[in-house]
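A short write-up of the structure that comes next.
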Amino acid sequence: MLYRLREAGFSTRVYEAADGVGGTWYWNRYPGARCDSESIYYNYTFSEELYREWTWSSRYPEQPEILRYLNFVADKFDLRPDIQFETRVNAAHYDEETKRWQIELNDGTSVSAKYFITGVGCLSASNLPKFNGLENFKGEWYHTGHWPHHKVDFTGKRVGIIGTGSSGVQAIPVIAREAEHLTVFQRTPQYSAPARNHPYDLEYIKRSKENFLEIKKQMRESQGGQPVEVPTKSALEVTSEERQQKFEEAWQTGGQGIFTSYYDITVDPKANETASEFIRSKIGEIVKKPEVAEKLKPTYYYGTKRPIIDTDYYETFNRDNVSLVDVRTNRIEEITDNGLQTTEAEYELDVLVFATGFDGMTGPLLKIDIRGKDGVSLKEKWKGGEDTRTYLGVANAGFPNFFMITGPESPSVLSNMPVSIEQHVEWIGDCIEYMRENNIDTIEAKVDAEEAWSKHCREVAEATLFTKTDSWYTGANIPGKPRRFLIYLGGGGAYRQKCAEIAANGYEGFSLEAASEPVTG
């Protein structure tokens, strides 16, 4: 966004809490942290030169490599001089008289801006559940979303990890190889498929770079931001043998192939059960102890929590130094001086790892005191998340010249994020340039357009199984958070087309107010 606006001649400033670039890849440095989108698609595509200059090492790159890439981008386009690091935005209030945003920073200073754009991400407000006694724990404890920059040495230590979402699934096998003993405290078992990561050969990289324009086109038109073949068959219209073979091929290939194998996996309970049972059977084959295997088998609809890919996750539970505790039946009561107490036993630990995820979608935005017209805060407008509504996941009625990159009710986390981010950046950039060229002072979503879009998002979601499962997608991981499904499921390509049509129709659904004097950058 900085690059796009700066190139268009706008005075632009970025505020970043970290002391370096990278966003989620700056903070999430836990062992095993790795991307689950294939690296040749997990790129910016706004610059063909950039695409050709950078070479990924493997199919699913680890965190350090992705962070190097993002630093490479920042250096290539000389972005750092316009980023103020180690700075948080505490508040942003719209002044109706001046038609500008007053931005309050955590260093006590404030700035004024015509446009206020958030790029806080959907998963940046880390969630640390309130466990009694954590302050008394004598050992070390860490959260996967705020991992230290130095290597944490688990050698010879008794480690406990709470949480088996994507972060936990990635970290557990790596920690288990180091620790004297690892105890996994699991509330909800996960469906996970093997990543089958492997180094890229030079010929494959060469072909990818030569086909940049075609790959970019396919990514942007696709459902999820990656050029995956769209399934046309139902899981229920083929024979069980054919279905089993397809699932097995996907399992052996690695990645998200099971999730995308049939079109009705996420809409039909019976179709979903075929994939769910396949993965459960794999867990039973891999995990040698039947009682442990049973604890690891999920029962919810596959794919309605984040589909996970892993390296040796289930295999790790065959290790003698790994044990599994089901905290749904054996509830955590408190953190003690020397470890963790459940309703059935006390576990002595030297290190605790919280892989407890994030307050997703609305959490990062509601941590900032954002106030629009009449001093109404975003939190008040959304009723604390109970009535979250946006127009396209980009704009809000009552909040002029305020844009969100991958905000609630956009494809965001159910797409390949770089593709969705670029789409929003380009749309917002085009919009602001349109305003300058047409002497428009403010743009604001109309209430009826916002309500219609939110209703459409809900209807699309309700036609799937996603809303039938408690997950961080719905806010179920945060006690007291209203349950809402805030991701647009209509597909990235269709969403891009809809946004383009709205812009082509003079920003249909928005109120545009002409300036009394010429608008400048």
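Atom set for the values below is all heavy atoms of this structure, side chains included, hydrogens, waters and symmetry mates excluded.
Heavy-atom minimum distance, Ala179 versus Lys157: CB-O, 3.5 Å. In plain terms, the two heavy atoms of Ser412 and Ile487 that are nearest each other are OG-CG2, 4.0 Å. In terms of heavy-atom proximity, Gly393 sits nearest to Thr390 at N-OG1, 2.9 Å. When every heavy atom of Asp359 is checked against every heavy atom of Asn127, the shortest pair comes out as N-CB, 4.1 Å.
Each salt bridge (Lys or Arg N to Asp or Glu O under 4.0 Å) pair with one or both residues in residues 302-314, not counting sequence neighbours, appears once here: Asp36-Arg306. Annotation: ring pair (Phe, Tyr, Trp, His ring centres under 6.0 Å) contacts involving residues 331-354, sequence neighbours excluded, comprise Phe131-Phe354, Trp141-Phe354, Phe185-Tyr347.
At a cut-off of 3.5 Å, with distance as the only test, a side-chain donor of Ser57 or Glu65 sits close to an acceptor on the other residue. Looking at Ser47 and Lys76, their side chains never bring a donor and an acceptor atom within 3.5 Å of each other. For Arg483 and Thr467, the side-chain atoms include no donor-acceptor pair closer than 3.5 Å. Inspection of the Thr336 and Gln341 side chains reveals no N or O donor paired with an N or O acceptor under 3.5 Å. No side-chain donor from either of Glu333 and Thr342 sits under 3.5 Å from a side-chain acceptor of the other. Side-chain atoms of Glu249 and Gln245 include a donor-acceptor pair closer than 3.5 Å. In this model, a donor atom of one side chain and an acceptor atom of the other lie less than 3.5 Å apart for Ser420 and Ser415. A donor and an acceptor atom, one from each side chain of Arg328 and Thr188, are located under 3.5 Å apart.
Under the side chain to side chain contact (heavy atoms under 4.5 Å, CB included) criterion, Asn43 pairs with Tyr51, Trp56, Tyr69, sequence neighbours left out. Not a single side chain to side chain contact (heavy atoms under 4.5 Å, CB included) links Gln223 to another residue, sequence neighbours left out. Residues satisfying the side chain to side chain contact (heavy atoms under 4.5 Å, CB included) test with Pro31, not counting sequence neighbours, are Trp147, Phe154, Val174, Ile175.
Ion pairing between Glu62 and Arg34 holds under the 4.0 Å rule for side-chain N and carboxylate O. Using a 4.0 Å cut-off between a side-chain N of Lys or Arg and a carboxylate O of Asp or Glu, Lys282 and Glu248 qualify as a salt bridge. Ion pair Glu386/Arg484 not flagged as a salt bridge, since none of the NZ, NE, NH1 or NH2 atoms sits closer than 4.0 Å to an Asp/Glu carboxylate oxygen. We find that Glu277 and Lys297 are not joined by a salt bridge, their nearest charged nitrogen and carboxylate oxygen being 4.0 Å or further apart. Under the 4.0 Å criterion applied to side-chain N and carboxylate O atoms, Arg158 and Asp350 are assigned as salt-bridge partners. Between Asp326 and Arg187 there is no salt bridge, since none of the side-chain N atoms of the basic residue sits less than 4.0 Å from a carboxylate O of the acidic one. Residues Lys233 and Glu242 are paired through a salt bridge, judged by an N-O separation under 4.0 Å between the basic side chain and the carboxylate. Salt bridge annotation for Glu294-Arg280: absent, with no cationic side-chain nitrogen under 4.0 angstrom from a carboxylate oxygen.
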N/O donor to acceptor pairs below 3.5 angstrom from side-chain atoms of residues 18-25, sequence neighbours left out:
| residue | atom | partner | partner atom | Å |
| --- | --- | --- | --- | --- |
| Asp19 | OD1 | Tyr26 | OH | 2.5 |
| Thr24 | OG1 | Asn28 | ND2 | 3.2 |
| Trp25 | NE1 | Tyr42 | OH | 2.9 |

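When ring centroids are compared, Tyr495 and His424 come within the 6.0 Å threshold. If you look at Tyr300 and Tyr191, their ring centroids are closer than 6.0 Å. Between Trp472 and Phe358, the distance separating the two ring centers is not shorter than 6.0 angstrom.
Note: Phe46 and Phe77 have tilted aromatic rings, judged against thresholds of 30 and 60 degrees for the angle between ring planes. Aromatic ring orientation, Phe259 versus Phe466: perpendicular (interplanar angle above 60°, classes split at 30° and 60°).
Residues Pro81 and Asp78 have side chains in contact (heavy-atom distance under 4.5 Å, counting atoms from C-beta outward). Side-chain contact between Leu365 and Thr362: absent, with no pair of heavy atoms (C-beta onward) separated by less than 4.5 Å.
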